[in-house]
Protein chains: 2
Amino acid sequence: MSGSESYDPSKYPPVAVTVDVVLLTIMEDSLAALLVRRGADPFKGSYALPGGFVTPDETLATAAARELQEETGARGMHLEQLGTYGDPGRDPRMRVVSVAYLALIPNPPEVVGGSDAASAEWSPVATFLDNTLPESTSILAFDHRRILKDGVERARGKLEYSGLATAFCADEFTVGELRRVYEIVWGVDLDARNFHRKVTGTLGFLEPTGEMTTRGGGRPAQLFRRGPTQTLNPPILRPSPTVI
Amino acid sequence: MSGSESYDPSKYPPVAVTVDVVLLTIMEDSLAALLVRRGADPFKGSYALPGGFVTPDETLATAAARELQEETGARGMHLEQLGTYGDPGRDPRMRVVSVAYLALIPNPPEVVGGSDAASAEWSPVATFLDNTLPESTSILAFDHRRILKDGVERARGKLEYSGLATAFCADEFTVGELRRVYEIVWGVDLDARNFHRKVTGTLGFLEPTGEMTTRGGGRPAQLFRRGPTQTLNPPILRPSPTVI
DNA sequence: CCAAAAGTGTTGCTTTTACACCCATGA
DNA sequence: TCATGGGTGTAAAAGCAACACTTTTGG
């Protein structure tokens, strides 16, 4: 809003405000996003991000969480604001300003099936973001490809300097499971031994539960919970793409 | 927007969409923000961020740039989206969702005096963010303190890993001038010699003009322009607050 | 036994830091 | 001449990557 005298909210231009959510998980060794298939024009038959109107009495974040629960039944996952997309013409029907959120959910994603008529599905993000795939048969509605791309970028970047990766893990997890998150989201191989030293040496990142597990095979591994640290210092460095 | 069937933009709830801008500069050795004094209720007499409605045919970023030009006459400065603030009740008159932008402008800030009736002023951000100052006599309207704080945080963080600092410098600048930006925004002292090596050694950050200057006294210094690099690798590390 | 994953030790290299030192100007 | 800021050299310390090696399970 403005401090200028020209500001009179009773004469606001007609705009609709919605939230769209990029919900990511790790499924079968790849990064996947929740998408809904559109049953009506415009973009009938295309996939779109889950989302909807912001109702008068809820915050933007609450609206995003509500939409997520309607589609997945899940609550309490990581949720952060991603950005706002409001170009005129992005929705052919009217001016729609959409506040996008990024959400992350642990490994075995909830089975889909909300109160909603539209069907939601998990798809590998590469299907929609990788240009080298066979003829973009998979097209996202509106500017949702851009939003999905921004969400994936955000997640990739934040793994370096925040504890975000643990949002992809169950409540208790091993160092190996955490490493696999980094490897899948970044699409790289990490040295298991140096990774182990790094994450266990970063104070506040991981908290040992004292328990061990043998799931995954091999020698039993310690179980950890997320620690209180929000920013990782030193960061977990992403290997720079090897120049050839 | 939604892929669900419940989405009908013709029945959107009444919401106003505005842009607010955190415009920062460096003035007299401190970080300062442009604020306008409100001439009407609510918050009459308080300071607020410059901003206003998004008109039907402009993008969000264009609206922010337009508001800035109306207040300062300046154009072409760095401008990036900061975040969106839409809690119900943040404006007592109606539901207002505000998309905040962060803008940076070089050293000698343009004199203020736009077409607008309201008067704009530069104030050190510490006046509004530092809690230890005498009784918060300086209060920002709405949730603008939070927005200002988020903007300053963003700028501080991005100095580390992006070329953002050059947005505070004139077209041509010396390494010493660039260093002063870092020192003022971060509120730390940096070793001039190591800083020089670091920034001149980061490929694509600075481009030598070939010219020299003696402004600022002492031995003549090389002049540089911003280079093409968007992300700094390696980053310019902010000294960690020394634990005592 | 072997394979697989967890975890520790060590070594050489790169980066960072701290600071000694010299340079080129204006006053 | 001195004060001021610009810039280079260098050595100690810290951080990081690569990889040999040991541990503990399941099959």
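Nothing here was measured: the structure is a model prediction, and the numbers come from that model. Letters A, B, ... are given to chains in the order of the sequence lines, protein chains preceding strands, and every chain is numbered from 1.
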Whole angstrom is fine here: how far is it from [atom1] in [X] over to [atom2] in [N]?
X	N	atom1	atom2	answer
Glu160(B)	dT16(C)	CD	C1'	14 Å
Leu190(B)	dT16(C)	CG	P	14 Å
Phe195(A)	dA5(C)	CZ	P	16 Å

Short N-O contact, [X] and [Y], less than 4.0 angstrom:
X	Y	answer
Arg66(A)	Glu70(A)	yes
Arg146(B)	Asp150(B)	yes
Glu207(A)	Arg225(A)	no

At less than 4.0 Å, is any side-chain N or O atom of His196(A) found next to OP1 or OP2 of dG7(C)? Yes or no.
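The answer is yes; a side-chain N or O of His196(A) sits under 4.0 Å from OP1 or OP2.
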
Is a donor-acceptor pair below 3.5 Å formed from side chain Arg219(A) to base dA6(C), judging by atom type as modelled?
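Yes, a donor-acceptor pair under 3.5 Å.
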
Without hydrogens or angle criteria, can the side chains of [X] and [Y] be said to hold a donor-acceptor pair below 3.5 Å?
X	Y	result
Asp20(B)	Ser98(B)	yes
Tyr101(A)	Glu67(A)	no
Thr231(A)	Ser162(A)	no

How do Arg180(B) and Pro220(A) order along DNA chain D: which one's closest nucleotide is nearer the 5' end?
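This one resolves to Arg180(B).
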
Do Lys149(B) and Glu153(B) pass the salt bridge (Lys or Arg N to Asp or Glu O under 4.0 Å) test, and can you show the C-alpha distance, the side-chain angles, and the key distance before you say yes or no?
CA-CA 6 Å; Lys149(B) 192 175 166 205; Glu153(B) 286 285 306; over 6 Å; no

Nucleotide range of DNA chain D contacted by chain A, 5' to 3', under 4.0 Å to a heavy atom?
dA17(D) to dT25(D)

Sort me out a list of protein N/O and nucleotides 17-19 of chain C N/O pairs below 3.5 Å, or just none if empty.
unit_1  : atom_1 : unit_2    : atom_2 : d
dA18(C) : N7     : Asn194(B) : ND2    : 2.8
dA18(C) : N6     : Asn194(B) : OD1    : 3.2
dA18(C) : N6     : Arg197(B) : NH2    : 3.3

Closest-nucleotide 5' rank along DNA chain C - winner of Thr174(A) and Pro234(B):
Thr174(A)

Which comes earlier along DNA chain C counting from the 5' end, the contact point of Gly217(B) or that of Thr200(A), where each point is its nearest nucleotide?
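Mapping each residue to its closest nucleotide by heavy atoms, the 5'-most match is Thr200(A).
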
Name the nucleic acid region contacted by Arg179(B), choosing base, sugar-phosphate or nothing; use a 4.0 angstrom heavy-atom cut-off, strictly under.
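The residue Arg179(B) makes sugar-phosphate contact but no base contact.
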
So with a 6.0 Å cut-off around CG of Leu203(B), is the heavy-atom count from everything else above 12?
no

Intermediate values then yes/no, side chain to side chain contact (heavy atoms under 4.5 Å, CB included), Leu223(B) and Met212(B)
CA-CA 5 Å; Leu223(B) 280 172; Met212(B) 309 282 279; over 6 Å; no

